[in-house]
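A quick note: this is a predicted structure, and the numbers were derived from the prediction, not measured.
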Amino acid sequence: MSVESILVFVLAAVAVVVVVRWVADRIGLPAAALLPIVGIAYALLPGPNVALDPDIILTFVLPPLLYSAALDSSLLAIRRHLRTVVSLSVVLVLLTALVIGFGFAWFVAGATLAAGIAVGAAAAPPDPVAALAVGRRVGLPPKLLTLIQGEGLLNDATALTILSVAVTAATGAGFSFPSALGLFLFAAAGGIAVGVLVAFAVRLLSRPLSGDPLMVNAVSLATPFAAFLIAERIHVSGVLAVVVAGLIVGHQRPRSTSGASRLQTSAVWRLVDFLLEGFVFLLIGQQLPAVVRGLAKYDTSTIVIAVAISVGVVLLLRPLWLILTQSLPRSLHTWLGNEGTDADDTDGDQTPPERPEEHRNQRLNGREVVAMTWSGTRGVISLAAIFTLPLTTDSGAPFPDRDLLLFCTFVVVLVTLVGQGLTFAPIVRGLGLRANETDQARQRNEARSASVEAALATLDELEAQQHDDIQADVIDTMRRQLRARLARYQGRLDQLREADSTELPVSPRYEAALHVRRVAIGAQREELLRWRDAGRLSDDGLRTLERELDHEERLLPDRPARR
């Protein structure tokens with residue numbers, strides 16, 4: 001394929017991703033579920049197709065996607081739910097791989113335990129992209145979003161480690177369960193250590209570079225690849241290293257980088273996510289012809305049994321595990337998967353001590369178990385993992401049932417990503433699971449009020465120091481502005497505290513104020529453009545002033561009722 005053809009293909013893919021995203025936003029369905037359907041439709045048409053290269057996916061696509069997700073995660077929230085996250089991302093992944101492995105060994109003609117565990121390891125880790133997109137859109141409670149996100153961050157390391165052990169057995173190198181456990185623990189501990197070291201190095205670099213957003217962005221884009229390559233070089237979990245580095249860097253970012261750097265870095269990572277996720281989900285659908293071609297040598301009954309085991313275990317074991325961990329006695333329940341108390345439906349990192357009524361048992365109720373069950377969509381990581389299976393064993397013989405394993409994994413991905421992805425939103429709405437928007441808004445306004453009060457206290461300290469009349473006038477002006485802002489926050493708080501519903505109370509005055517501010521900003525932009533067109537303002541000057549208005553507009557909420 002020529003350079004021009006590659007460019008045309010990439011531009012066409014970008015256009016498809018943009019159009020599908022636009023359609024998905026308007027019909028309320030996740031783009032991650034629609035893109036594979038478009039990819040399948042394209043794959044069935046005559047013309048060039050793109051084969052999934054697992055090395056490219058695992059080296060160039062997976063690290064930035066995981067790192068971006070970790071940056072936007074809450075380290076404290078994941079730590080608070082750590083036992084639950086580990087229960088889903090380690091124990092459940094291991095159980096899924098083993099159950100599918102034994103199912104293949106017992107019921108699929110000619111299949112080995114190692115080959116079955118290999119497909120089980122590939123099919124086990126959920127990809128949370130579609131579930132999170134839907135969950136955020138329909139207002140899923142923060143606790144469930146944290147569990148979905150935390151599980152998705154950590155389960156890939158478990159699955160890839162299990163897969164490597166299974167491949168070692170299938171190719172004839174031999175292994176024992178103690179050595180496999182030792183390999184897993186070494187890979188996990190080493191990945192965590194590398195992630196911590198990389199995060200520490202990024203923190204050291206960020207401080208002297210914090211004044212230059214471009215340099216901070218360059219370091220941010222390089223970080224996931226550095227963490228992944230260092231970990232893989234010493235044969236530990238590169239996936240876990242990327243996740244740990246992202247969680248720590250994201251937690252420290254408010255102190256280690258400037259506001260301008262954070263704004264620019266956030267915008268860059270949103271673009272990276274949009275393009276990479278779009279490409280990989282489009283790529284999933286395009287693998288169908290290659291996967292189907294390899295099934296000619298298998299009996300129909302063998303294919304049906306293998307697919308039934310793979311899909312059945314993936315769909316049934318997850319709810320059974322969730323029900324089990326929520327039904328055990330309190331002591332075992334806590335050990336397996338839940339801390340005793342937490343602020344259930346708040347999106348903050350800590351529960352205020354003055355609100356003890358929010359501390360309650362963290363066992364998932366029936367509706368939450370159903371939502372967590374249906375959030376287990378699989379994605380490109382499963383396909384990338386199964387495509388890494390070698391073509392031959394150490395003896396030179398073909399890898400056992402490789403084509404059948406590829407097809408089973410593809411069906412699991414397609415059934416969960418498209419089937420569950422497209423139906424997740426209606427199920428969540430039907431369950432009536434929604435975040436307590438009033439409580440979240442109350443917490444935000446309490447934090448805003450506290451920050452303004454801290455600023456006023458600092459102004460009092462400045463005023464007590466020696467200063468001239470100019471400084472005194474500036475301090476007085478700033479104090480009046482902060483007090484006006486505090487009065488606005490306190491008024492909103494009073495309204496929120498009086499609200500009985502979990503829905504945000506509507507404030508006509510607030511919405512009117514937002515409308516007036518947007519109209520005023522629009523009028524300012526139009527006047528600046530008239531000045532530029534009349535030659536009274538240079539383009540550089542226009543861009544500077546536009547940037548000021550853009551930042552002011554960015555402070556306004558996208559939806560007035562959400563403030």
Please answer whether the main-chain N or O of [Y] pairs with a side-chain N or O of [X] as donor and acceptor at a distance below 3.5 Å.
{"X": "T416", "Y": "V412", "answer": "yes"}
{"X": "S87", "Y": "R83", "answer": "no"}
{"X": "R378", "Y": "G376", "answer": "yes"}
{"X": "T388", "Y": "P54", "answer": "no"}
{"X": "S382", "Y": "A122", "answer": "yes"}
{"X": "R137", "Y": "A425", "answer": "no"}
{"X": "Q420", "Y": "L315", "answer": "no"}
{"X": "N365", "Y": "E368", "answer": "yes"}

From [atom1] ([X]) to [atom2] ([Y]), nearest 0.5 Å:
{"X": "M372", "Y": "L147", "atom1": "CE", "atom2": "CG", "value": "5.0 Å"}
{"X": "L154", "Y": "I78", "atom1": "CG", "atom2": "CD1", "value": "6.5 Å"}
{"X": "F281", "Y": "L417", "atom1": "CZ", "atom2": "CG", "value": "5.5 Å"}

Does any non-hydrogen side-chain atom of [Y] lie less than 4.5 Å from one of [X]?
{"X": "V428", "Y": "F424", "answer": "yes"}
{"X": "V418", "Y": "I37", "answer": "yes"}
{"X": "L406", "Y": "V119", "answer": "no"}
{"X": "F104", "Y": "I305", "answer": "no"}
{"X": "V242", "Y": "F225", "answer": "no"}
{"X": "V268", "Y": "L221", "answer": "yes"}
{"X": "I248", "Y": "F200", "answer": "no"}
{"X": "L276", "Y": "P64", "answer": "yes"}

Show the nearest heavy-atom pair for residues [X] and [Y], with the distance to one decimal.
{"X": "A384", "Y": "I57", "answer": "CB-CG2, 3.4 Å"}
{"X": "I381", "Y": "D156", "answer": "CG2-OD1, 3.5 Å"}
{"X": "V243", "Y": "L153", "answer": "CG2-O, 3.1 Å"}
{"X": "A124", "Y": "P126", "answer": "O-CD, 3.1 Å"}
{"X": "V291", "Y": "F407", "answer": "CG1-CA, 3.3 Å"}
{"X": "V280", "Y": "E277", "answer": "CG2-O, 3.3 Å"}

Compute whether any side-chain donor of one residue and acceptor of the other, for T96 and W321, lie under 3.5 angstrom apart.
->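 The answer is no; no qualifying pair exists.
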
Is there a donor-acceptor contact under 3.5 Å linking the side chains of S68 and D273?
->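 Indeed, the side chains of S68 and D273 share at least one donor-acceptor pair under 3.5 Å.
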
For side-chain hydrogen bond (donor to acceptor under 3.5 Å, both in side chains), just list the numbers for R262 and S266, CA-CA rounded to whole Å, side-chain angles, deciding distance to a tenth of an Å, and then say yes or no.
-> CA-CA 6 Å; R262 287 194 297 273; S266 177; over 6 Å; no

May I ask you to say whether E151 pairs ionically with R318, meaning some side-chain N is under 4.0 Å from a carboxylate O?
->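 Salt bridge present between E151 and R318.
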
